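It should be emphasised that the depicted structure is a prediction, and the values quoted were computed from it without experimental measurement.
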Amino acid sequence: KKAEIQFILGQRYYNGHGVEQNYDLAVEWYRRAVDQGNANAQCKLGHCYYTGQGVEQNYNLAVEWYRRAADQGHAKAQCNLGDCYEKGCGVERSYETAVEWYRLAADQGHA
């Protein structure tokens, strides 16, 4: 429960809902939640690394965080990981692996 609240606080700062938008503080709250294994926060931290919001852009770290969430069955992270494989961002390009991750996400209704 604590990790979910930390994730929600991260989302508030990321989106500027009820607080001034601040990607640095969003990342700080996401990190607190990922320390407890929160898959939502792992996926969002991966997104921050992918886009360079609140952290220095780093596709390798984006893939690492997406994978941690995807391995927990997080559909959006699975889709994002598929994107990384399709584009060759942080991993060697592999359409076959991309399709595998896309299928896992699609099997959960995420398309």
Side-chain angles (χ1 to χ4, degrees):
K1 186 75 177 170
K2 182 179 176 182
E4 188 61 26
I5 292 169
Q6 292 168 332
F7 168 70
I8 291 168
L9 281 170
Q11 287 291 85
R12 297 269 179 185
Y13 279 107
Y14 187 88
N15 296 309
H17 290 168
V19 294
E20 187 175 329
Q21 187 177 45
N22 185 319
Y23 294 131
D24 294 335
L25 284 175
V27 166
E28 183 179 319
W29 283 106
Y30 293 149
R31 286 190 192 284
R32 291 180 188 194
V34 302
D35 286 345
Q36 298 167 70
N38 184 280
N40 287 324
Q42 290 169 340
C43 181
K44 196 64 181 187
L45 187 56
H47 174 74
C48 289
Y49 276 110
Y50 191 88
T51 61
Q53 293 172 311
V55 292
E56 186 175 329
Q57 186 177 43
N58 184 320
Y59 292 133
N60 293 329
L61 287 174
V63 166
E64 179 182 328
W65 287 110
Y66 286 152
R67 187 178 310 278
R68 288 185 189 196
D71 286 346
Q72 292 188 61
H74 194 283
K76 184 167 179 59
Q78 292 169 339
C79 187
N80 290 347
L81 198 49
D83 287 342
C84 289
Y85 276 100
E86 182 179 351
K87 297 172 183 170
C89 293
V91 290
E92 186 175 333
R93 177 177 279 159
S94 169
Y95 295 119
E96 295 81 14
T97 305
V99 168
E100 290 172 19
W101 284 112
Y102 289 145
R103 282 194 179 132
L104 286 172
D107 286 348
Q108 298 183 70
H110 189 85

Between the main-chain N or O of G37 and the side-chain N or O of Q72, is there a donor-acceptor pair closer than 3.5 Å?
-> yes

With side chains defined as the heavy atoms from C-beta onward, is the minimum distance between K2 and Q36 less than 4.5 Å?
-> yes

Could you tell me whether Y23 and Y13 have their ring centroids closer than 6.0 angstrom?
-> no

When clusters are formed by joining ILVMFWY residues with side-chain heavy atoms under 4.5 Å apart, either directly or through shared neighbours, do V34 and V27 land in the same one?
-> yes

Does the cation-pi check pass for K44 over F7, that is, NZ or CZ under 6.0 Å from the six-membered ring centre and within 45° of its axis?
-> no

Heavy-atom check, side chain of E4 versus side chain of Q6, under 4.5 Å = no

Give a yes or no on whether the backbone of N60 and the side-chain of E64 come within a donor-acceptor separation of less than 3.5 Å.
-> no

Taking atom types as modelled and ignoring hydrogens, do the side chains of N80 and H47 form a donor-acceptor contact shorter than 3.5 angstrom?
-> no

Closest heavy-atom pair and its distance - R31, Y49 | NH2-OH, 2.6 Å

Y102/D83 under side chain to side chain donor-acceptor pair (under 3.5 Å): CA gap, chis, key distance, verdict | CA-CA 8 Å; Y102 289 145; D83 287 342; 2.5 Å; yes

Joint cluster assignment, Y30 & L25, ILVMFWY side-chain distance < 4.5 Å = no

Say whether, by atom type as modelled, one donor and one acceptor occur between the side chain of R93 and the main chain of Y85 under 3.5 angstrom.
-> no

What is the distance from atom CG of N40 to atom CG of L45, rounded to the nearest 0.5 Å?
-> 12.5 Å

Is E86 close to Y95 at the side-chain level, that is, under 4.5 Å between some pair of heavy atoms?
-> yes

Side-chain (Q42) to main-chain (W65) donor-acceptor, under 3.5 angstrom = no

Looking only at heavy atoms, what is the nearest atom pair of C79 and A105, with distance?
-> N-CB, 3.8 Å

Side-chain contact, heavy-atom cut-off 4.5 Å: W101 with C84?
-> no

Measure across L61 and N58 and return the closest heavy-atom pair with its distance rounded to 0.1 Å.
-> N-OD1, 2.9 Å

Find out whether C89 and V63 are in side-chain contact, i.e. whether some heavy atom of one side chain is under 4.5 Å from a heavy atom of the other.
-> no

Would you name the heavy atoms of A70 and L81 that are closest together and state the gap between them?
-> CB-CD2, 4.1 Å

For the side chain of N15 and the backbone of H17, is there at least one donor-acceptor N/O pair under 3.5 Å apart?
-> no

Mind checking the CG-CG spacing from D71 to L104? Nearest 0.5 Å is all I need.
-> 10.0 Å

Begin with the C-alpha distance, continue with both residues' side-chain angles, and end with the deciding distance and a verdict on side-chain contact (heavy atoms from CB on, under 4.5 Å) for H110 and Q78.
-> CA-CA 9 Å; H110 189 85; Q78 292 169 339; over 6 Å; no

So do the side chains of Y14 and Q53 get within less than 4.5 Å of each other, counting heavy atoms only?
-> yes

Looking only at heavy atoms, the pair that brings C43 and A69 closest together is N-CB, 3.8 Å

